[in-house]
Amino acid sequence: MTIFYFAWVRQKVGIAGEHFPLPAHVKTIAELIEFLCLRGGGYAAAFNDPGRLCAAVNQKYASFETGLTGEDEVAFFPPVTGG
């Protein structure tokens with residue numbers, strides 16, 4: 001699995017992205033957020049309030065209930081507003 005972090009999420013986590021095997025118990029974006037939050041430090045700061053996050057899987061917006069595979073690319077970013 002490849003994960004990318006954008007904007008303030010990247011600042012809190014401290015890296016732009018990473019690649020690691022998807023843990024067997026992680027089946028959805030919501031479960032991935034829980035897993036990342038448990039890493040502590042900047043991850044906990046970035047993922048402790050999922051309502052402040054948007055996600056994409058394979059470059060398409062996704063809900064937190066979206067299923068994941070070990071081959072997916074996931075991106076986390078703050079909500080975007082226009083004007």
Side-chain angles (χ1 to χ4, degrees):
M1 147 159 292
T2 301
I3 304 177
F4 294 105
Y5 307 106
F6 293 96
W8 61 260
V9 182
R10 178 185 345 181
Q11 291 174 336
K12 289 184 183 292
V13 171
I15 56 175
E18 59 187 315
H19 183 80
F20 59 84
L22 181 66
H25 69 280
V26 174
K27 308 274 190 230
T28 65
I29 292 176
E31 292 173 345
L32 179 59
I33 289 171
E34 290 175 16
F35 170 78
L36 293 170
C37 193
L38 291 174
R39 289 173 126 181
Y43 289 96
F47 292 99
N48 69 351
D49 183 4
R52 296 180 59 214
L53 295 170
C54 289
V57 176
N58 301 323
Q59 301 181 7
K60 294 181 182 175
Y61 279 101
S63 74
F64 290 170
E65 292 79 35
T66 300
L68 296 174
T69 72
E71 302 302 314
D72 286 329
E73 175 187 287
V74 177
F76 290 105
F77 50 93
V80 179
T81 60

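Source: prediction; values computed, not measured.
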- Task: Might you point out which heavy atoms bring Ala55 and Phe77 nearest each other, and give the distance in Å?
- Result: C-CE2, 3.9 Å
- Query: In chain order, what residues pass the side-chain contact (heavy atoms from CB on, under 4.5 Å) check against Asn58, with sequence neighbours excluded?
  - Reply: Asp72, Glu73
- Message: Hydrophobic clusters here meaning ILVMFWY residues chained together by side-chain heavy-atom distances under 4.5 Å, can you tell me if Leu32 and Ile15 are in one?
- Response: yes
- Note on the structure: Here the gap from Arg10 atom CZ to Phe4 atom CZ, rounded to the nearest 0.5 Å, amounts to 10.5 Å
- Supply the atom-to-atom distance Glu65 CD to Glu31 CD, rounded to the nearest 0.5 angstrom. 10.5 Å
- Smallest heavy-atom separation, Leu22 atom then Gly70 atom, equals CD2-N, 3.8 Å
- Item | Minimal non-hydrogen separation, Met1 against Thr69, with atom names | CE-O, 3.8 Å
- Message: A side-chain contact here means heavy atoms from C-beta on lying under 4.5 Å apart; do Ile3 and Leu36 qualify?
- Response: yes
- Item | Pro23: side-chain contact (heavy atoms from CB on, under 4.5 Å) partners, not counting sequence neighbours | Phe20, His25, Val26, Phe35
- Could you tell me which residues satisfy ring pair (Phe, Tyr, Trp, His ring centres under 6.0 Å) with Phe76, sequence neighbours excluded, listed by chain and number? Phe47
- Message: Using every non-hydrogen atom in the two residues, find where Leu68 and Ile29 come nearest and quote the distance to one decimal.
- Response: CD1-N, 3.8 Å
- Tyr5 and Leu53: same hydrophobic cluster, using ILVMFWY side-chain contacts below 4.5 Å? yes
- Message: Rounded to the nearest 0.5 Å, what separates atom OH in Tyr61 from atom OG1 in Thr66?
- Response: 13.5 Å
- Note: Arg52 and Pro79 closest approach over all heavy atoms is O-CD, 3.2 Å
- So, for Phe6 and Ala75, which heavy atoms are closest and what is the spacing to 0.1 Å? CE1-CB, 3.8 Å
